[in-house]
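Just below is one structure, and these are the notes that go with it.
Note on naming: letters A, B, ... go to the chains in the order of the sequence lines (proteins, then strands), and numbering restarts at 1 for each one.
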Protein chains: 2
Amino acid sequence: MNKPGKSTEDMDSQTPMGHYPGSHKAKRELFDGFASVAKVLSSGRRAEIVDILAQGERPVDGISHEIDQTIANTSQHLQQLLRAGLVKTRREGTRIYYSLSGPAVSRLWAAVREVAGEHLAELDELAMSYLGDRSTMMTMTRAELRERIGDGDLIVIDVRPEAEFQAGHIAGAMSVTLKELETRLDQLPNDRIVVAYCRGPYCVFADNAVRTLHQHGIQAARLEEGYPEWKDAGFPVEASTTDLPRHDHAS
Amino acid sequence: MNKPGKSTEDMDSQTPMGHYPGSHKAKRELFDGFASVAKVLSSGRRAEIVDILAQGERPVDGISHEIDQTIANTSQHLQQLLRAGLVKTRREGTRIYYSLSGPAVSRLWAAVREVAGEHLAELDELAMSYLGDRSTMMTMTRAELRERIGDGDLIVIDVRPEAEFQAGHIAGAMSVTLKELETRLDQLPNDRIVVAYCRGPYCVFADNAVRTLHQHGIQAARLEEGYPEWKDAGFPVEASTTDLPRHDHAS
DNA sequence: ACCATATTCAAGGGAATGCTTGAATACGCC
DNA sequence: GGCGTATTCAAGCATTCCCTTGAATATGGT
């Protein structure tokens with residue numbers, strides 16, 4: 001006898017009376033609803049999209065370029081995120097800007113990364129393969145950076161794509177993308193420690209910035225987490241109001 | 001030109017030099033890794049399993065009965081949860097007990113429910129259909145309950161299946177399953193408010209207990225969240241050490 | 001009105017998923 | 001060693017998912 005009981009088909013066995021809420025069918029549907037939220041994060045490409053939107057709003061073709069997928073495919077992923085309620089849209093002329101629908105989504109994404117980092121056996125290997133060796137790199141925590149950010153002995157650079165800096169960044173940070181970094185070394189004061197940050201704990205931009213700076217003999221450290229975590233912690237942020245956020249094409 | 005760039009195929013366009021980490025392929029694989037954690041929660045049945053395991057460890061056939069699925073199917077779902085690292089196992093004779101692999105998993109599950117509750121359009125309807133009308137039911141927060149639990153004017157009952165009570169419960173609570181409730185009404189002191197709790201904010205047991213108590217003219221309220229949230233908040237818990245946790249068959 | 005740009009829609013193929021069924025494995029008991 | 005119980009494994013089928021391709025829609029500029 002392998003099958004589940006049929007006698008209590010539509011009424012939970014814990015329920016003593018027939019007319020109470022709690023049918024198995026409704027329970028299945030409710031949990032299918034919860035599952036639909038997780039399902040939308042069950043694609044690596046959509047996870048990348050959420051990681052990018054956690055930085056701020058972005059139009060479709062900016063996202064498409066960032067995740068290296070066709071516009072059509074990116075659009076379909078965005079539709080799925082939209083249907084599940086994880087993102088919302090804002091139209092501006094011919095462009096449609098997507099953004100996370102709330103901080104709870106950011107927390108969910110952080111929880112996924114945390115579980116993967118703590119419990120998924122292969123993750124260390126995958127992270128190592130993408131990020132390279134981090135063991136020799138100096139890091140700084142959010143709390144420490146906030147403490148020391150006004151002291152004048154360090155400078156904070158944001159190495160995310162310009163569009164993300166403009167959508168919001170750590171108060172007092174300057175934007176230096178990786179592409180520009182080597183040509184703008186002279187603009188960095190050589191008597192301060194440079195602290196680089198980017199999208200989050202698994203973002204490679206800050207790592208590579210620190211590597212480049214070290215090669216040029218400049219003291220540099222990486223912020224352990226990224227802009228979304230800084231913002232979610234309620235630490236001071238600011239946005240470029242000089243211009244509307246645009247996507248940045250490399251070509 | 002709809003396709004993503006091929007010229008930067010294996011090197012992130014933000015990276016200035018060729019030998020730095022950050023290839024697109026490795027990034028895809030890393031995010032596929034994160035996605036694999038979410039994917040395992042993308043089935044309603046596995047979500048139910050996680051909800052049950054958040055109460056404490058449980059053997060396969062107990063879970064199978066609880067989610068109303070065949071043992072074979074339940075086992076396969078558990079294998080997937082195991083591969084993704086969300087659960088761990090403990091063998092005891094011929095039984096294999098599954099449990100969540102850490103509190104991060106519990107937080108992840110809470111984050112999924114939170115996002116669904118805040119942003120998924122259909123969820124209210126699904127919850128209403130499973131739980132019934134909650135609007136007339138009195139509730140109590142964790143903090144308030146902890147405050148008043150020693151005052152002697154209320155009594156806390158745990159209406160989850162006995163196995164879950166034994167695996168861990170709110171300190172000072174007494175176990176009264178829904179099945180027993182009507183026959184044990186005389187054991188409840190009639191000069192105190194009864195506070196019922198169960199698995200979490202979307203669990204129907206406590207609701208139905210309060211409904212039954214009200215029908216018998218007993219003052220009763222529902223704890224807003226359940227045992228996992230109480231435990232994760234660091235509030236006092238205790239476990240039955242009189243016997244090893246068993247599953248409970250209704251049949 | 002016409003064109004360019006940004007985004008969405010629709011159809012199709014190959015792969016993966018969830019559930020079922022029936023058999024295999026592992027442990028404890030006699 | 002043989003039996004009963006708990007769990008896992010393996011094969012099959014209908015469904016769903018991801019990505020691709022090509023066309024359709026919507027907005028703004030000239």
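Atoms NE2 and CD1, on B/H65 and B/I52 in that order, are 10.5 Å from each other to the nearest 0.5 Å. In this structure, CD in B/E114 is found 7.5 Å from NE2 in B/H119, a value given to the nearest 0.5 Å.
Contact annotation: B/T94 does not reach the phosphate of C/dA26 (side-chain N/O to OP1 or OP2, under 4.0 Å). Applying the 4.0 Å criterion to OP1 and OP2 of D/dG28, one finds that A/R95 has every side-chain N and O outside that range. The phosphate of C/dT17 (OP1 or OP2) has no side-chain N or O of A/K39 nearer than 4.0 angstrom. The phosphate of C/dG18 (OP1 or OP2) has a side-chain N or O of B/R46 nearer than 4.0 angstrom. OP1 and OP2 of C/dA6 both lie 4.0 Å or more from every side-chain N or O belonging to A/Y98.
Here the P atom of nucleotide D/dT5 and the CD1 atom of B/I96 are 18 Å apart, to the nearest Å. Distance CG (A/D61) to P (C/dA6): 6 Å, rounded to an integer number of Å. Atom CG in B/D32 sits about 17 Å away from atom P in D/dC17, given to the nearest Å. The distance between atom CZ of A/R90 and atom P of D/dA26, rounded to the nearest whole Å, is 21 Å. A straight line from CZ of B/R45 to C1' of C/dT20 spans 15 Å, rounded to a whole angstrom. Atoms CD1 (A/I63) and C1' (C/dA6) sit 13 Å apart, rounded to a whole Å. Computed from coordinates, the B/E92 CD to C/dC27 C1' distance equals 13 Å when rounded to whole Å. We find that CG of B/L78 is positioned 15 Å from C1' of C/dC19, with the value rounded to whole Å.
On a pure distance criterion of 3.5 Å, no polar donor-acceptor pair joins the side chain of B/Q80 and the base of C/dT17. Applying the 3.5 Å distance criterion, the base of C/dT20 shares no donor-acceptor pair with the side chain of B/Q69.
Considering every non-hydrogen atom in both A/A167 and A/A239, the closest pair reads O-CB, 4.1 Å. For the residue pair A/V40 and A/V37, the shortest heavy atom distance occurs at CG1-O, 3.2 Å.
Side-chain contact, B/D158 with B/Y197: a donor N or O sits under 3.5 Å from an acceptor N or O.
Of the candidates D/dC19, D/dA11, D/dT7, the closest approach to any side-chain atom of A/H77 belongs to D/dC19. When distances are taken from the side chain of A/N73 to each of D/dC19, C/dT8, D/dT5, the shortest belongs to D/dC19. Comparing C/dC9, C/dC19, D/dT27 by their nearest atom to the side chain of A/R91 picks out D/dT27. Each of D/dT7, C/dA6, D/dT20 was ranked by its minimum atom distance to the side chain of B/I71; first place goes to D/dT7.
Using a 4.0 Å heavy-atom criterion, one finds that A/Q79 contacts the sugar-phosphate atoms exclusively.
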